S.K.: 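Here you go, one structure.
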Amino acid sequence: AQSVSQHNHHVILSEAASLELGCNYSYGGTVNLFWYVQYPGQHLQLLLKYFSGDPLVKGIKGFEAEFIKSKFSFNLRKPSVQWSDTAEYFCAVTSQTGANNLFFGTGTRLTVIP
Amino acid sequence: DTAVSQTPKYLVTQMGNDKSIKCEQNLGHDTMYWYKQDSKKFLKIMFSYNNKELIINETVPNRFSPKSPDKAHLNLHINSLELGDSAVYFCASSPSFLPYEQYFGPGTRLTVT
């Protein structure tokens with residue numbers, strides 16, 4: 001069965017600090033990987049996705065993530081966070097074969113202090 | 001126009017009642033989903049429908065029954081509500097059941113008292 005681990009439960013940063021949120025997945029086959037963001041009181045929005053090709057993917061709002069197959073990881077990064085990045089971040093995975101069943105990690109809450 | 005919409009946004013009800021949550025998407029997608037987000041923010045898929053047909057049914061109690069009158073709508077009916085059903089329920093859609101990004105609705109916060 002697929003599973004996704006996000007080890008950072010709550011991250012607190014000052015504005016302009018760099019961000020890296022960890023995501024590790026467990027699955028024996030080929031996967032698609034996603035990062036979603038949930039701003040306070042809002043629905044989930046896609047930040048970025050990896051299906052194939054360049055393992056370094058760029059998303060919206062200056063976010064990027066790197067797929068490292070050997071480590072089963074897909075960490076999210078941003079060089080300089082802003083107060084408006086305060087949100088819950090979810091890593092998710094689907095199998096490249098079979099149904100489009102998103103498995104989510106438990107989420108990481110990011111608080112950015114002005 | 002909202003791509004994926006849900007009604008109601010908030011739902012407060014008593015144990016034992018029956019309630020429904022509606023979801024509509026105007027993206028022309030073939031596949032729709034229901035997810036449950038618990039109090040710890042953990043998201044788990046419940047159901048997925050492709051062209052009105054059920055393709056995923058995770059281990060969800062029989063009290064939950066999805067209904068898809070057409071491919072733009074996927075409603076969730078819950079019978080005999082229990083305290084543990086309190087959660088935020090998200091509807092989502094994607095172009096097909098093949099792996100693709102999903103677009104989420106705003107969520108329905110269900111509180112069972």
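None of the values given here were measured: they were computed from a predicted structure.
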S.K.: Measure the spacing between CG of A:Leu44 and OH of B:Tyr35 and express it to the nearest 0.5 Å.
M.R.: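 Rounded to the nearest 0.5 Å, the CG-OH separation comes to 9.5 Å.
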
S.K.: Identify which part of B:Gln37 has an atom lying under 4.5 Å from any heavy atom of chain A, answering side chain, backbone, both or neither.
M.R.: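 Only the side chain of B:Gln37 comes within 4.5 Å of chain A.
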
S.K.: Tell me whether B:Val88 shares a hydrophobic cluster with B:Ile78, the cluster being built from Ile, Leu, Val, Met, Phe, Trp, Tyr side chains joined at under 4.5 Å.
M.R.: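 As far as the 4.5 Å side-chain criterion goes, B:Ile78 and B:Val88 are not connected within one cluster.
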
S.K.: What part of A:Phe103 gets closer than 4.5 Å to chain B, counting heavy atoms only: side chain, backbone, both or neither?
M.R.: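 For A:Phe103, there is no contact with chain B at all, as no heavy atom is under 4.5 Å.
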
S.K.: Please step through side chain to side chain contact (heavy atoms under 4.5 Å, CB included) for the pair B:Phe90 and A:His43, ending with a clear verdict.
M.R.: CA-CA 8 Å; B:Phe90 286 98; A:His43 63 283; 4.3 Å; yes

S.K.: Atom CG of A:Leu48 and atom CD of B:Glu101: how far apart are they, to the nearest 0.5 Å?
M.R.: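 That separation rounds to 10.5 Å.
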
S.K.: So does B:Glu53 have more than 12 non-hydrogen atoms from other groups sitting under 6.0 Å from CD?
M.R.: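 Result for CD/B:Glu53: open.
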
S.K.: Treat each ILVMFWY residue as a node, draw an edge where side-chain heavy atoms are under 4.5 Å apart, and state whether B:Tyr89 and B:Leu43 are in one component.
M.R.: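 In one cluster: no.
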
S.K.: Would A:Phe67 and A:Ile60 show up in the same hydrophobic cluster when neighbours are defined by side-chain heavy atoms closer than 4.5 Å?
M.R.: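 Yes: a chain of side-chain contacts under 4.5 Å links A:Phe67 to A:Ile60.
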
S.K.: Within a radius of less than 6.0 Å around NE2 of B:His77, do more than 12 heavy atoms belonging to other residues, nucleotides or ligands occur?
M.R.: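 Yes - once you tally the heavy atoms of other residues, nucleotides and ligands closer than 6.0 Å, there are more than 12.
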
S.K.: Would A:Gln38 and B:Lys41 count as a side chain to side chain contact (heavy atoms under 4.5 Å, CB included) here? Give the steps.
M.R.: CA-CA 10 Å; A:Gln38 187 177 25; B:Lys41 299 275 188 173; 4.3 Å; yes

S.K.: Can you measure from NZ (B:Lys44) to CZ (A:Phe104) and round to the nearest 0.5 angstrom?
M.R.: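 CZ of A:Phe104 is found 12.5 Å from NZ of B:Lys44.
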
S.K.: When you group the ILVMFWY residues by side-chain heavy-atom contacts below 4.5 Å and let the links chain together, are B:Met15 and B:Ile21 in the same group?
M.R.: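 Linked within one cluster.
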
S.K.: Quick check against the 3.5 Å criterion: does A:Tyr36 have a side-chain atom that pairs as donor or acceptor with the backbone of B:Gln102?
M.R.: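 Yes, the answer is positive, given that a donor and an acceptor are paired below the 3.5 Å cut-off.
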
S.K.: A:Leu46 and B:Phe104: side chain to side chain contact (heavy atoms under 4.5 Å, CB included), yes or no, with the steps?
M.R.: CA-CA 9 Å; A:Leu46 183 70; B:Phe104 284 80; over 6 Å; no

S.K.: Heavy-atom distance under 4.5 Å to chain A: side chain of B:Lys40, backbone, both or neither?
M.R.: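 For B:Lys40, the backbone is the part near chain A, not the side chain.
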
S.K.: Is it the case that over 12 heavy atoms from other parts of the model lie below 6.0 angstrom from the NZ atom of B:Lys22?
M.R.: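 At most 12 heavy atoms, drawn from other residues, nucleotides or ligands, come within 6.0 Å of this atom.
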
